[in-house]
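Let me begin by presenting the structure, written as structure tokens, before commenting on it.
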Amino acid sequence: MTLQELSAYVAAEFEKTYGRPPRWIAAAPGRVNLIGEHTDYNDGFVLPMAIEFYSVMAADRPVDGKNVITLRSTLEKEVATIDLSAPVQPAPPKWGNYPRGVVAGFLARGQNPGGLDVLLHSTVPLGSGLSSSAALEVCTATLIETVTGKTIDPVEKALLCQQAEHHFANVPCGIMDQFISALGREGHLLLLDCRTRATQLVPMSDPSVALLILNTNVKHELGSGEYARRRAECEQAAKIIGVASLRDATPDQLERSREKMSEVVYRRARHVIGEIERTVHAAEGIRASNWPTVGVLMYASHAALRDDYEVSCAELDVIVELAQSIGLNGGVYGCRMTGGGFGGCCVALVQADAVPAIARKIGADYKARTGIDATIFASRPAAGATIIQG
Ligand code: ADP
Ligand code: MG
């Protein structure tokens, strides 16, 4: 479904729900990170792209003229309401806190959207690591920009959405998801420096390549505890090396400090320092349409996440193995886990004309090896947040 078709669907759903057509429509995409995993909290680089899956909101003023935002999601039974005549604070239902936090952020800037009836629909799978949460936040922000007729700086917008996720959803996320959803551009990836927040669009317009997103459809509940431990290990490594963060450390420096740290801390740092380098090189490879080089970097990233950082899992490893066994001759350049790990998705760089055959083969072999159905889809680098009807 194109974004235009999706918007028409959401407009029709709005009309079914509220009995009149919407006045405004806004959309924001989910994302996949091509490379640069567990680098964000080490002040490093990430290289995400927006995917052709979106959160879309259609809206109109309420007929009763009340100063209340009513949000209905096609995916949730419970309706979320935000009374603008009282302080906006976290409140049930849980899903409503993402838009609620964004509304609060705009109110704090003196940008009041006023009462609204809103219908939300999302094609970003929820909770699969493709950032349906950032899509929802950035979509809300874009709707408010549309309604108020006043756009804000996209970096400020992304940071406002990140704050909403921190303070209203209680998720201490980094900046990547909101940045790519707000700043993505069709046919481009985004090289994001998590230290300075500087961004560079990296063109990827070669029609002969595509990205495959392969969802293992598993999520192991190791996540948050292990995440906190990795962060502590990285801080420890930086301290031993004598740098502010691992962003500042070179492979040589790490080797010189190897004796002073535990074997585990050494391996964690080796992943991060290597991954930051790989991410910068991958951006250069994409600019040069040097797909085999990008593919090699993706496999190296996966190996480091599996062996040094230890955040992969059997299902992710199976998908990467299957991709690797199809190989260049079968149209696969590279593949790696993407996101925090312990389940979720892999991303593969593939020849566009081989997409159906690769998806079929990996899907069948993954099922045979794990008993699980993977969800597999292709996406080109998509546009960031968009006003569909203003
Ligand atoms: P991810 O961002 O990887 O998809 P998260 O757990 O961060 O996973 O965010 C998922 C949550 O975002 C959902 O549980 C829900 O609360 C909220 N959400 C996202 N999209 C929608 C939607 N279309 N309707 C209702 N809630 C949504
Ligand atoms: Mg999320």
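Quick note: residue numbers are just sequence positions, from 1. Note that ligands are numbered from 1 as they come in the structure, with each ligand's atoms numbered from 1 the same way.
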Considering non-hydrogen atoms of the protein only, which is the closest contact for [atom], and what is the distance?
| atom | result |
| --- | --- |
| atom 15 (C) of ligand 1 | Trp95 CB, 4.0 Å |
| atom 17 (C) of ligand 1 | Tyr98 CE1, 3.7 Å |
| atom 14 (O) of ligand 1 | Leu126 CD2, 4.6 Å |
| atom 8 (O) of ligand 1 | Gly127 CA, 3.3 Å |
| atom 27 (C) of ligand 1 | Leu136 CD2, 3.7 Å |
| atom 2 (O) of ligand 1 | Ser133 OG, 2.9 Å |
| atom 3 (O) of ligand 1 | Gly129 N, 3.1 Å |
| atom 24 (N) of ligand 1 | Ser73 OG, 2.7 Å |

For [X] and [Y], indicate whether the former's side chain and the latter's backbone hold a donor-acceptor pair under 3.5 Å.
| X | Y | result |
| --- | --- | --- |
| Asn97 | Arg100 | no |
| His188 | Ala382 | no |
| Ser128 | Leu130 | no |
| Arg61 | Gly115 | yes |

**Prompt:** Does any N, O or S atom in Ser133 come within less than 2.8 Å of the Mg ion (ligand 2)?
**Reply:** yes
Against heavy atoms of [X], which atoms of ligand 1 measure under 4.0 Å?
| X | answer |
| --- | --- |
| Glu76 | 25 (C) |
| Leu75 | 23 (N) |
| Leu130 | 3 (O) |

Ring-plane angle category for Tyr41 and Tyr227, please: parallel below 30°, perpendicular beyond 60°, tilted otherwise.
perpendicular
#### Entry: Test of proximity, Leu120 against ligand 1: N or O pairs below 3.5 Å
no
*For Tyr309 and Glu226, does a side-chain donor sit closer than 3.5 Å to a side-chain acceptor?*
no
Query raised in the report: For Asp317 and His302, does a side-chain donor sit closer than 3.5 Å to a side-chain acceptor?
Result: yes
- Query: Same cluster for Phe377 and Met1 if Ile/Leu/Val/Met/Phe/Trp/Tyr side chains link at under 4.5 Å?
  - Reply: no
Quick look: Ser132 vs ligand 1, heavy-atom contacts under 4.0 Å, and the answer is both
Short version for Val171: what comes under 4.0 Å of ligand 1, heavy atoms counted, is neither
From the list Ile376, Leu214, Val332, Leu322, side-chain contact (heavy atoms from CB on, under 4.5 Å) partner of Ile358 resolves to Val332
Salt bridge (charged side-chain N to carboxylate O under 4.0 Å, His left out) test vs Arg247 passes for just one of Asp193, Asp40, Asp43, namely Asp193
